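Every value quoted in this text rests on a predicted model; they were computed, and no experiment measured them. Sequence lines set the chain letters: A, B, ... in the order given, protein chains first and strands last, and positions in each chain run from 1.
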Amino acid sequence: MSTAVSFPPRQSARSWLRGLAFQARIFVKRGFIHNSSYRLNFSLSIVNILIGLVSYYFLSKIARADKLGEFGQNPAGFIIVGTTFTTFVSVALASYAGSIRSEMFLGTIEHWLLSASSLTRLVTLSTVWEFLWPMITTVITFTVLVAVLGVHFNVDWWTTVVFFLLTVVTMSGFGLISAGIIMVSKIGDPLSAAWGAVNSLLIGSLFPITVLPGWMQAISHALPNFHALNGIRAGLLQHASLASEAHELLVVLAFCVAVVPLGILCFRAGFERARAQGTLAQF
Amino acid sequence: MSEAPQPTLAIEARGLTKRFRRGTTEKLAVDGVDLRVEAGRIFGLIGPNGAGKSTLVSMIATLMRPTAGEAWVMGHNVVREARQARMSLSLNASAGERGFYWRLNGYQNLEFFAALQGLNAGATRDRVLTALERVGLNRDVKLRFGEFSSGMKRRLNVARALLVDRPIYLFDEPTTGIDPHSAMVIRNILRQLKGAGKTVVLVTHNMEEATELCDEVGMLYAGRLIRQDTPEVLRRHVPSSEIEVELRSLADSEVVTERLRSLSVVESVVPYGEGRLRVRTPSPEDDVRGLLLWAATGEQPVAGISVVRPELTDAFVRLVEEATGERPAPIAVSERGSPVAARIAHP
C-alpha cells in the first residue's frame, strides 16, 4: 500500500487567481440565493437603505455649513459619505465573526475545515457577498442622490479607491480578531461593539470632530478610521490627489500593516484553541 | 519522538486520549486508544452513546487536537502533518438536520462544497452530478435542502463525502434514523468504496449493519477500545445456546415440538416466530449434528436446522463486562439469529 497522498501540483498565479475567482463567485451565489429567498426581508433592506440615505440628505439641509469647515459647501455629501463609510466599516468588522458564528450554527464549519482551502481564505471569501451587497446599494443610492436630488461630488477615483481598499483591509484585520474571539466565546464579541461606538462618536462620520472636546479630538486622531474617512471624503468631495492626502494615507497604511497580520494570528490562535478544546463544531 | 507509523495501516492510533475540561469538571472522552485500521477494508466503530466514537473520529479527522497520544492517517501525523492527514480522508460527519444550507437546493449545496475543495467549474459540475446520481438524488436536485426528507438529507451528506477522491472515508452514523431504502443506498456505496480499494471507517450503533458490512470492528466503551477484531471472531466470544428448527409447515409445529421433547439431549422447545422453533440443548454446536441426523433419517417435517449464532451486541456486552466489570445495556438494533447449518434435504 502506498502511503503517498497526491497533492495538486503548485499552481501558477493565473490558475490560483482563477480558482479564487471561482470560489468567490460560489460564495456570492450562495449569499444571493440565501438572502433573496427571504423575499420580504430582501425587498425591505433595499427600501430601508434608500430611505436611510435620503433621510440623511434632508438632515444635511439643516446642518450648519460654518461648522463643517472645508466641507461647508456640501453638507449632504459630508453626511452621506460619513454614513456610507460607517456601513462598510461595520461590515468589515462584523462579517468575519458573523460568518464563523453562522457556519458553527449551521454545522458546516467542519466541512470548511476539511476542505482543500485554508479557513482564513474561506472566511475572507465569505465576506465578499457582505461587501458586495452594500456596494450595489451604495452605487444605486449615490446615483439617485446625484441624478435626482442634485448632491454634488467632485471625485478623484484613485484617492477614493485606495483609501476605500485600505480601510476595508484594515478593518478586516480587526474583523479577523473578532472572528478569533468568536471561535472560542461562540457569542459575544466586545471588539465589534466597541468599534461601533467609537465609529459613531469619534471619527467624524456624522459631524466634524472639531465640535468635540480637545481630549476626545486627541483620541480621534489616534484612530485609523478617522484618517481613512478624511481621505475618502477628500477623494470623493474635493477631488484631492493621493499626494495631497499623504499624511492620512501613511497613518492608515501603518495601521493596515500592523493590524492585518495581528488579525490573522488572533484568528489562528482562536482556531487552535477551539480545536484543542474540541468545540470547533459547537455553537 | 515516537516510533514511525506502520506503512500498511490506513489509520493508526497509539494511546490516543481526549480529556475535556469545563471549569472544575473533567471528562475523559477517549482513554488511551490503540487502533489499527488496515487499508482497503471496512472498519466498524461500535459503542453506545457517549462511548467516544465521534470524538475519536474527530481527532483522526484533525478537527480535534488529542490531549495525549498520537494518530496517523495514511502515515501522516494528525497534529504535526494535519493538512496532509486531512487531504487523505473524506468525512461524512454525523450531521442530522445540520451541515447544509437550507435555502440552497441539493445541487447548489454540493456545488458550494465542491468549490471549497479547489475544483474548477467544469470538474465541480461533473463531480456534483456524479455524486448526486450515486446516491439517487439526481431527480431531486432542485428541491431545497429544507424540503428534503431525513433519508435524502443523509444521502446528500454521503454525496458530499464522495465529491473528493481520497484513500479514506469516515462515515459517522450515516444510516441512523432513516428509511430502509436510503440505508440500503448508503450501504451499497460503502461496499463500492471498498471495492474501489478505499478504506472505510463506519461509526454505527447498528450491530446488524456492522456485522453485514465490516471486515473488522472496534468496540468502544467509556472511551476505551475494548476489543478490535472481525465480527465473526467477536461473536465467538459468546457461546451458542440454542438451535433453530425451521418447519416445513405451520401445521407441523405441535408434532415436531413433541418429538423434539422426547429426545434426551433437548432441554426445552419454544415457538419462535412463524414456523420456527428454538431448541435449547447443553451444547448446541455439538448437538446440531445429532438433530440433523434425526431430522434426515426420521423423515421429520423439518425444512432446516441451524445453530443460533450470538449477535454482535451479545459479544459487546460480554466483552465489556470482561474488560470493565460493568454490564452495559445492549446497544441498538440486533438481528435475529442467523442460521448457519444445513437445510434438510428431503427426497
Side-chain angles (χ1 to χ4, degrees), chain A residues 1-8 11 15-16 18-39 42 102-119 121-123 125-126 271-283, chain B residues 5 7-10 18 20-22 29 38-40 55 58-59 61-65 67 72-76 82-91 93 95-105 108-109 111-121 124 144 160 164-167 197:
Chain A
M1 183 201 76
S2 163
T3 57
V5 177
S6 58
F7 290 99
Q11 291 176 309
S15 71
W16 182 85
R18 203 182 296 149
L20 191 69
F22 176 59
Q23 284 187 330
R25 183 159 66 83
I26 290 291
F27 270 98
V28 168
K29 183 178 174 182
R30 182 193 67 152
F32 178 75
I33 293 169
H34 179 84
N35 285 279
S36 61
S37 72
Y38 296 99
R39 284 183 194 161
F42 194 64
S102 154
E103 301 307 321
M104 281 175 168
F105 179 71
L106 289 168
T108 47
I109 190 86
E110 50 196 62
H111 297 283
W112 285 33
L113 296 168
L114 288 170
S115 75
S117 312
S118 78
L119 187 60
R121 170 171 164 153
L122 296 181
V123 172
L125 284 172
S126 74
F271 168 68
E272 286 303 329
R273 176 111 189 254
R275 196 154 84 100
Q277 290 177 337
T279 59
L280 268 178
Q282 291 176 11
F283 182 72
Chain B
T8 56
L9 298 177
K18 185 68 197 178
F20 293 115
R21 284 195 185 89
R22 297 277 180 278
E38 299 279 349
T55 305
S58 289
M59 286 192 285
T62 76
L63 293 172
M64 208 179 271
R65 191 185 275 269
T67 311
W72 294 266
V73 173
M74 298 303 285
H76 301 294
R83 183 169 185 271
Q84 290 92 324
R86 205 175 295 145
M87 291 299 100
S88 305
L89 57 85
S90 180
L91 174 68
E97 299 289 302
R98 296 167 75 226
F100 283 96
Y101 302 104
W102 283 55
R103 310 297 284 192
L104 270 59
N105 66 34
Q108 290 159 345
N109 263 296
E111 181 189 43
F112 178 84
F113 288 105
L116 300 196
Q117 296 294 352
L119 301 173
N120 63 34
T124 292
R144 279 183 186 167
R160 173 167 53 191
V164 287
D165 183 20
R166 303 272 163 82

Side chain, backbone, both or neither of Ser118(A) within contact of chain B (heavy atoms, under 4.5 Å): neither
Structural part of Leu114(A) lying under 4.5 Å from a heavy atom of chain B: both
[X] [atom1] to [Y] [atom2] distance, which is reported to the nearest 0.5 Å:
X	Y	atom1	atom2	answer
Phe112(B)	Ser115(A)	CZ	OG	9.0 Å
Thr67(B)	Gln277(A)	OG1	CD	11.0 Å
His111(A)	Leu116(B)	NE2	CG	10.5 Å
Glu110(A)	Met64(B)	CD	CE	9.0 Å
Phe100(B)	Leu106(A)	CZ	CG	11.5 Å

Selection from Ser37(A), Ala274(A), Ala276(A), Ser117(A) maximising heavy-atom pairs under 4.5 Å formed with chain B: Ser37(A)
Residue among Gln108(B), Arg144(B), Met59(B), Arg65(B) with most heavy-atom pairs under 4.5 Å to chain A: Arg65(B)
Options Phe20(B), Tyr101(B), Phe113(B), ranked by heavy-atom pairs under 4.5 Å with chain A, top entry: Tyr101(B)
Donor-acceptor contact below 3.5 Å, side chain Arg98(B) vs main chain Phe105(A): yes
Criterion side chain to side chain contact (heavy atoms under 4.5 Å, CB included) on Asn120(B) and Arg18(A), from CA distance to verdict: CA-CA 8 Å; Asn120(B) 63 34; Arg18(A) 203 182 296 149; over 6 Å; no
Residues, nucleotides or ligands: over 12 heavy atoms within 6.0 Å of Arg103(B) CZ: yes
Using non-hydrogen atoms only, which part of [X] is less than 4.5 Å away from chain A: side chain, backbone, both, or neither?
X	answer
Thr124(B)	side chain
Arg21(B)	neither
Leu89(B)	side chain

Heavy-atom side-chain proximity of Thr62(B) to Arg275(A) below 4.5 angstrom: yes
Least distance between heavy atoms, Ala115(B) atom then Phe22(A) atom: CB-CE2, 3.8 Å
